[in-house]
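Everything numeric in this text was worked out from a predicted model, so none of it was measured. Just so you know, ligand 1 is whichever comes first in the structure, and atom 1 is the first atom listed for that ligand.
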Amino acid sequence: MAKESIALLKGKVDVARVLDVLNAALAEEWMAYYQYWTASKMVCGMQRVELQKEFMEHAEDELRHASMVTDRIIELGGVPVMVPQQWYQIGRCVYDQPSSFDAEYFLKAIRSAEECAMTRYAEIVDMTDGKDIITCDIAKRILAEEADHEQDMQDYLDDMDAFRSYINSK
Ligand code: FE
Ligand code: FE
Ligand code: MG
């Protein structure tokens, strides 16, 4: 436990609450990592190679987010979630067994996970803004990357729609 990290927050935020939301975010990062990782392995269709690469890049981002959140939990004297069974109990951004391996299915499922992640980090920013500068900064940086992930998924879906309209117009 980093004593000054805790002392700085005295009277400003409820550290136990911050730790709870950070652990929920951590559970969600692991699930996001695994969702991307399996999607990268399983995705099929015309854009297979491109999407494999994009999904794997994003998986690495999610793993880095998990690391950033974990380091902050430790600084605040907490213990990061230690067993995968807890991911579904404390995480809100859970995902379903894929009903298909096609690109569109994965892009939509991942887009909604990204939207959930953005809500999570926006809440953490609100909770810590002006009070816990470091957690707030971490949450803002991750939030910006989740927004970028969401946009990437949306761009692929928009391109698919455009391609479909083009084919249908022929
Ligand atoms: Fe993430
Ligand atoms: Fe993400
Ligand atoms: Mg990307």
Side-chain angles (χ1 to χ4, degrees), residues 18-76 78-84 86-98 101-129 132-163:
V18 174
L19 284 169
D20 281 347
V21 291
L22 286 175
N23 253 318
L26 175 58
E28 290 157 2
E29 291 294 355
W30 276 114
M31 291 190 279
Y33 168 75
Y34 198 67
Q35 185 182 33
Y36 271 120
W37 190 84
T38 48
S40 168
K41 300 290 183 190
M42 297 304 290
V43 67
C44 56
M46 288 202 305
Q47 291 165 295
R48 181 198 303 260
V49 175
E50 197 184 335
L51 286 174
Q52 280 176 334
K53 192 167 160 280
E54 182 83 27
F55 289 162
M56 199 51 85
E57 269 173 24
H58 286 200
E60 284 161 12
D61 291 340
E62 307 303 3
L63 198 54
R64 185 166 39 77
H65 298 165
S67 180
M68 291 163 75
V69 172
T70 298
D71 290 346
R72 188 59 185 153
I73 290 171
I74 294 166
E75 283 171 7
L76 292 177
V79 177
V81 53
M82 299 297 279
V83 288
Q86 285 186 6
W87 295 348
Y88 265 76
Q89 287 160 18
I90 64 174
R92 203 166 51 186
C93 310
V94 300
Y95 65 97
D96 300 322
Q97 170 80 28
F101 298 139
D102 73 59
E104 191 166 9
Y105 173 84
F106 281 126
L107 289 165
K108 285 181 174 165
I110 290 169
R111 180 182 58 185
S112 70
E114 293 293 356
E115 287 164 358
C116 185
M118 288 173 71
T119 304
R120 168 69 70 196
Y121 287 105
E123 285 173 9
I124 297 178
V125 169
D126 283 344
M127 181 191 274
T128 56
D129 200 14
D132 175 350
I133 303 160
I134 297 169
T135 301
C136 188
D137 179 57
I138 290 167
K140 282 181 183 171
R141 281 188 282 148
I142 298 177
L143 176 57
E145 293 194 17
E146 309 301 13
D148 184 56
H149 289 171
E150 186 208 25
Q151 187 63 50
D152 285 348
M153 299 303 110
Q154 189 61 54
D155 288 344
Y156 281 109
L157 288 163
D158 289 347
D159 289 350
M160 283 176 178
D161 280 344
F163 182 69

Margin query: Could you walk me through whether F55 and Q35 satisfy the side-chain contact (heavy atoms from CB on, under 4.5 Å) test, starting with their C-alpha distance in whole Å, then the side-chain angles of each, then the deciding distance to 0.1 Å, before giving a yes or no?
Written below: CA-CA 9 Å; F55 289 162; Q35 185 182 33; over 6 Å; no
Next item on the list: Kindly determine whether H58 and E114 satisfy side chain to side chain donor-acceptor pair (under 3.5 Å), including the steps that lead there.
Entry: CA-CA 11 Å; H58 286 200; E114 293 293 356; 4.8 Å; no
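Only protein atoms were considered; those of element N, O or S under 2.8 Å from the Mg ion (ligand 3) number 3.
M56 is linked by a side-chain contact (heavy atoms from CB on, under 4.5 Å) to W37, S40, K41, A59, E60, counting only residues two or more places apart in sequence or in another chain. With sequence neighbours excluded, the residues forming a side-chain contact (heavy atoms from CB on, under 4.5 Å) with F101 are M42, C44, P98, F106, listed by chain and number.
Among heteroatoms of the N, O or S kind in E29, OE1 lies nearest the Fe ion (ligand 1).
For the pair R111 and H149, the minimum side-chain heavy-atom distance is 4.5 Å or more.
Less than 2.8 Å away from the Fe ion (ligand 2), the protein contributes these N/O/S atoms: E62 OE2, E114 OE1, E114 OE2, E146 OE1, H149 ND1.
Contact record, D96 with Y105: O-OH, 4.1 Å, taken as the closest heavy-atom pair. Listed here is the closest heavy atom pair of V125 and K140: CG2-CG, 3.7 Å.
Between R72 and E75 a salt bridge is recorded (basic side-chain N to carboxylate O distance below 4.0 Å). Using a 4.0 Å cut-off between charged nitrogen and carboxylate oxygen, R64 and E145 count as a salt-bridge pair.
Proximity of a side-chain donor or acceptor of N23 to a complementary backbone N or O of G91 within less than 3.5 Å is not detected.
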